[in-house]
Amino acid sequence: MMVLLNYIKHSFALVIILLFTSVLLISCREKEKKSQTGDEQSASSSVELIEEKAEVVVSEQKSEDTLSQKENESEVVQEDEYTPISVLNLDANELKINPYSYSDYAREKGGYTGINPNFYLIGFSKEGRVAYVYWYNDDGKGGVVSDFIIQSLATDKIIFEKALEIPDYYSDGDDFLVEAFKIYQQDLDKALNASKIEIVDWEFHTLPISSKENKINFSMKSTSSEADTFFGQVMNYTITAEKEGKGKKVIASVKNATIIDVFLCGYVLNPLEERAMLIYAEIGPAFENTRLYYKVSGCDLDYGFKK
């Protein structure tokens with residue numbers, strides 16, 4: 001009987017141990033599963049985060065590429081805004097003006113009887129450049145001479161200059177230019193398009209500049225440093241612009257010019273920017289005569305005036 005009781009006690013203890021071991025094993029397995037699930041979720045979150053970052057990078061790259069593309073397209077559009085021109089398509093008669101006839105000199109001093117060149121205004125650029133031609137007979141050489149000029153109205157610097165010559169060709173300026181433009185077309189077209197000169201509507205005016213926005217008077221002061229019995233005199237002169245309420249500024253300053261006289265003619269507004277082209281004339285020597293030498297200076301309508 002004692003043996004049986006001992007057997008039952010040992011068996012009951014063994015069962016308890018086995019149950020306890022099973023509970024521990026089940027608990028460990030649950031923890032492992034939770035751990036694996038957590039790792040998988042963490043890994044999944046990491047992958048999603050990496051993918052999200054990658055999408056952001058790609059999105060930013062596309063934005064940069066789009067911006068770059070837009071900038072490039074903008075540059076192309078800006079380049080395409082300018083339409084190249086050719087001298088072969090110009091009508092000389094429509095470009096011609098007579099600056100002298102607008103001057104006080106013509107009205108007040110009894111007129112000028114020497115050589116008066118034709119002046120042809122071709123066009124302007126948005127960067128303050130102007131292209132023009134002046135034509136005259138050169139009796140001493142036996143032919144016609146015409147000077148083609150592109151000038152900066154911001155600095156008054158000559159950007160391009162070409163003498164158009166056809167020896168022993170006698171005709172008026174309009175016909176001469178038609179022939180000269182054919183001969184020199186390649187050089188002239190290249191220069192015009194390099195400076196982005198545009199054919200625009202313009203109008204020549206007498207001085208002063210007077211509009212609702214701008215009231216600007218121009219004056220000239222000259223001094224003779226010495227006399228020259230044949231060529232006239234050696235002269236220094238300055239041209240000053242005075243804007244109402246803004247002050248004054250010097251438009252041109254010339255020293256040691258061997259001329260007979262100098263006077264203001266008129267102006268043309270550049271329709272592409274707030275700047276005027278002032279034309280004035282020097283009277284200088286020519287072959288057995290005198291000639292008007294037209295000069296051009298720019299005047300910004302807003303800046304540079306000082307009280």
What are the two closest heavy atoms between [X] and [Y], and how far apart are they?
X    : Y    : result
I97  : P99  : O-CD, 3.3 Å
T206 : Y267 : O-CE2, 3.2 Å
D156 : G298 : OD1-N, 2.9 Å
F124 : L272 : O-CD1, 3.6 Å
E94  : W202 : O-CZ2, 4.0 Å
N214 : E274 : ND2-OE1, 4.2 Å

To the closest 0.5 Å, what do you measure between [atom1] ([X]) and [atom2] ([Y])?
X    : Y    : atom1 : atom2 : result
D147 : F119 : CG    : CZ    : 11.0 Å
L207 : N217 : CG    : CG    : 9.0 Å
S219 : L264 : OG    : CG    : 8.0 Å
I283 : R291 : CD1   : CZ    : 12.0 Å
E242 : K215 : CD    : NZ    : 14.0 Å
S224 : Q233 : OG    : CD    : 3.5 Å

Taking the side chain as C-beta and beyond, is there a heavy-atom pair between [X] and [Y] under 4.5 Å?
X    : Y    : value
L177 : S146 : yes
I122 : I199 : yes
T238 : M220 : no
L88  : K182 : yes
N193 : S195 : no
I159 : Q151 : no
C299 : F218 : yes
L188 : K162 : yes

Quick check: is [Y] connected to [X] through a chain of hydrophobic side chains (ILVMFWY, heavy atoms under 4.5 Å apart)?
X    : Y    : answer
Y293 : F263 : no
L90  : Y82  : yes
F148 : I183 : yes
I279 : V200 : yes
I158 : M277 : yes

Salt-bridge present (E273, R275; N to O < 4.0 Å):
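R275 and E273: salt-bridged.
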Can we say D302 and K246 salt-bridge, meaning some charged N sits less than 4.0 Å from an Asp/Glu carboxylate O?
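K246 and D302: not salt-bridged.
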If you draw a 6.0 Å radius around [atom1] in [X], do more than 12 non-hydrogen atoms from other residues or ligands fall strictly inside?
X    : atom1 : result
K248 : NZ    : no
E244 : CD    : no
K190 : NZ    : no

Would you check, one step at a time, whether the test side chain to side chain contact (heavy atoms under 4.5 Å, CB included) holds for T290 with I260?
CA-CA 9 Å; T290 60; I260 299 168; 3.5 Å; yes
Under 3.5 Å, is there a donor-acceptor pair between the side chain of [X] and the main chain of [Y]?
X    : Y    : answer
N236 : A257 : no
S86  : N89  : no
Y100 : Y112 : yes
K243 : L301 : yes
N270 : S125 : yes

I want to check a possible cation-pi pair here: K295 against Y280, using under 6.0 Å from ring centre and within 45° of the ring axis as the test.
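Output no; distance or angle outside limits.
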Determine whether V262 and M235 satisfy the following criterion, side chain to side chain contact (heavy atoms under 4.5 Å, CB included), listing intermediate values before the conclusion.
CA-CA 9 Å; V262 59; M235 184 180 293; 3.8 Å; yes
Verdict with supporting geometry, L192 and V87, side chain to side chain contact (heavy atoms under 4.5 Å, CB included)
CA-CA 9 Å; L192 287 171; V87 291; 3.6 Å; yes
Y120-Y134 aromatic ring centre distance below 6.0 Å
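No.
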State whether a side-chain donor-acceptor pair under 3.5 Å links N116 with Y294.
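A donor-acceptor contact under 3.5 Å links the two side chains.
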Checking I216 against F305 for the side chain to side chain contact (heavy atoms under 4.5 Å, CB included) test, could you report, in this order, the C-alpha distance in whole Å, the side-chain angles of both residues, the deciding distance, and whether it holds?
CA-CA 11 Å; I216 304 176; F305 296 95; 4.0 Å; yes
If you apply the rule side chain to side chain donor-acceptor pair (under 3.5 Å), what do you find for E282 with Y237, and how did you get there?
CA-CA 11 Å; E282 296 178 348; Y237 64 87; 2.5 Å; yes
